[in-house]
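Read through the structure below, which is laid out as structure tokens, and then see the notes.
Remember, it's a predicted structure, so these values are computed and weren't measured experimentally. Throughout, residue positions are numbered sequentially from 1 according to the sequence presented. Both backbone and side-chain heavy atoms feed into the values below; hydrogens, waters and symmetry mates do not. Order of appearance sets the numbers: ligands from 1, and atoms from 1 within every ligand.
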Amino acid sequence: MASESGLILGIETSCDETAAAVVRRGREILSNTVASQIAVHLPYGGVVPELASREHLRNILPVVRESLRAAGVGYEEIDAVAVTEGPGLAGALLVGISFAKSLAMALGKPLIAVNHLEGHIHAVLLEEARRAAELDGDAPEGPLPGRPALALVVSGGHTHLYLAEFAKEQGTWTYRNVGRTVDDAAGEAFDKVAKLLGLGYPGGPWIDALAPHGNPEAMPFTFSQIKAKVHRKDKPGALNPAEEVYFSFSGIKTAMLRYTKVYEMGASIEARRAALAGMENAGPADALPLCDKRTLDLIASFQRSVVDDLRRKTFRAAERFGAERVIVSGGVAANRELRVRFTAEAAERHVPIAFPSMALSTDNAAMIAAAAWPKFVMGDFAEEGLTAEPGLALGRR
Ligand code: KG4
Ligand code: ZN
């Protein structure tokens, strides 16, 4: 049973952010501490798993200590420790899990395992629950009853669509996976295209900042219709593969590479890469004067194509599955053009839409602590043998 305070310490180490947060009853963030490893991975243009694990090990204790300090909470006041079980990098996950397990044991408090993807969805639900509590002065433990929400989780590692529903009787959230990428994740495409064009890492924020300076209609890249490649046995209630939504982002990456070759952009890309590498803390504003019109048009067209593909497929799925509203979460949900174009389509269709605040869009531990709350209430605690699950899936198909 939930105690009065309902304080959950969340810990997240699935990729390249070491994060800890204290959240009360799944809706009130007392602290949200994130130590980013961007500087460590920057020279490699992507996350180096081995370095990520070491950085987590270096950062985990100061990050947890800081999150408790910022929350004004002592270790003994925590009601449970929640940790990301997967998906993610095995070595990175193991650091958070070992730490959380030991801490929970030492404090004599329960340990709760959270799926990172469920965490991203709860980044939105957390803020909705907080707003509802502010309006009502009371605490709804779940959303309004009704049809499920369609959640697009779009990040550096994932492009998934889920139908998310709160089962009041069981007190739990249930998920049904109705869409996924067959190759790269959308955020991965942002990162790889930014790298290809000699921009910084991670690429999403760079492309986001430079795209408004180009013409998004200059080069319309098209996404072909992707056929279902997987044939599942007919299980009762299983999703018909024809209904499942497929994304693919490796084709646009290749098209971009081809474009830079055809228009012989190699030398200017290398010059830009070298100029930015020579600057301390280079940001998108430094890249702007180093980009010609063709490059800016290419960046704007890439972003428009990816955003529109995500938008079209998400709203089509929302209609097909009778979703009551749309939730967009994960690192790419921080993209400004994505927010504008999804919001416009939602308004046109009269479908409510929600995004997390910017701070909760990318990886953080507040979303892990929030996702753990219904599990805490139901006494759904982790087994002693809990280990990292790098390929952990969310929900049934
Ligand atoms: O959720 P997240 O922090 O980590 C994963 O679980 O992957 O997402 C990181 C991803 C990276 O690929 C990054 O380039 C992308 O989110 N991203 C963005 C933006 N901010 C971060 N992509 C597009 N526009 C942005 N503003
Ligand atoms: Zn994530």
Please tabulate, for side-chain N and O atoms in residues 277-291, each donor-acceptor pair with protein atoms closer than 3.5 Å (sequence neighbours left out).
{"residue": "D286", "atom": "OD2", "partner": "G283", "partner atom": "N", "Å": "2.8"}

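Between H120 and H116, the angle of the ring planes goes over 60°, which puts this pair in the perpendicular group of the 30/60° scheme. In this structure, F302 and F190 have perpendicular ring planes: the angle between them is above 60°, well past the 30° mark.
Summary of contacts: the protein heavy atom closest to atom 24 (N) of ligand 1 is N335 ND2, 3.0 Å. When only non-hydrogen protein atoms are considered, atom 2 (P) of ligand 1 lies nearest to D363 OD1, 3.3 Å. In terms of protein heavy-atom proximity, atom 12 (O) of ligand 1 is nearest to D191 OD2, 2.8 Å. Nearest protein neighbour of atom 22 (N) of ligand 1, counting heavy atoms only, is G204 CA, 3.3 Å.
With L9 as reference, I78 is the one residue of L107, I112, I78 to meet the side chain to side chain contact (heavy atoms under 4.5 Å, CB included) rule.
Heavy-atom separations between H120 and ligand 1 include at least one value shorter than 4.0 Å. Assignment of H116 to the shell around ligand 1 is supported, since a heavy atom sits closer than 4.0 Å.
For G331, a nitrogen or oxygen atom sits less than 3.5 Å from a nitrogen or oxygen atom of ligand 1, counting backbone and side chain alike. Residue-to-ligand polar distances place G157 within reach of ligand 1: an N/O pair is separated by less than 3.5 Å.
Panel note: side chain N32, backbone L30; no donor-acceptor pair is recorded below 3.5 Å. Looking at D79, its side chain does come within 3.5 Å of a backbone N or O of L7 through a donor-acceptor pair.
Of all protein atoms, those of element N, O or S that lie under 2.8 Å from the Zn ion (ligand 2) number 3.
Within ligand 1, the atoms closer than 4.0 Å to a non-hydrogen atom of P202 are 14 (O), numbered from 1 in the order shown. Annotation for ligand 1: atoms under 4.0 Å from non-hydrogen atoms of G187 are 12 (O). Near A334, meaning under 4.0 Å from one of its heavy atoms, ligand 1 places the atoms 20 (N), 26 (N). Shown in contact with G156 at under 4.0 Å from a heavy atom are these atoms of ligand 1, numbered in order with element: 5 (C), 7 (O), 8 (O), 9 (C), 10 (C), 12 (O).
If you look at T362 next to ligand 1, the close heavy atoms, those under 4.0 Å, come from the backbone and the side chain alike. Under 4.0 Å from ligand 1, the heavy atoms of D208 that appear belong solely to its side chain.
To the nearest 0.5 Å, atom CD1 of residue I327 and atom CG of residue L150 are 8.5 Å apart.
Residues R180 and L161 fail the side-chain proximity criterion, which asks for heavy atoms closer than 4.5 Å.
A search for side-chain contact (heavy atoms from CB on, under 4.5 Å) contacts involving R294 returns M219, Y259, Y263, M265, D292, not counting sequence neighbours. When the side-chain contact (heavy atoms from CB on, under 4.5 Å) test is applied to A370, the partners found at least two apart in sequence or on another chain are H122, L126.
In this structure, R339 places its CZ atom where more than 12 heavy-atom neighbours from other residues, nucleotides or ligands lie under 6.0 Å away. Environment of CE in M105: sparse, with no more than 12 heavy atoms of neighbouring residues, nucleotides or ligands closer than 6.0 Å.
Taking the centre of each ring, F342 and F315 come in below the 6.0 Å mark.
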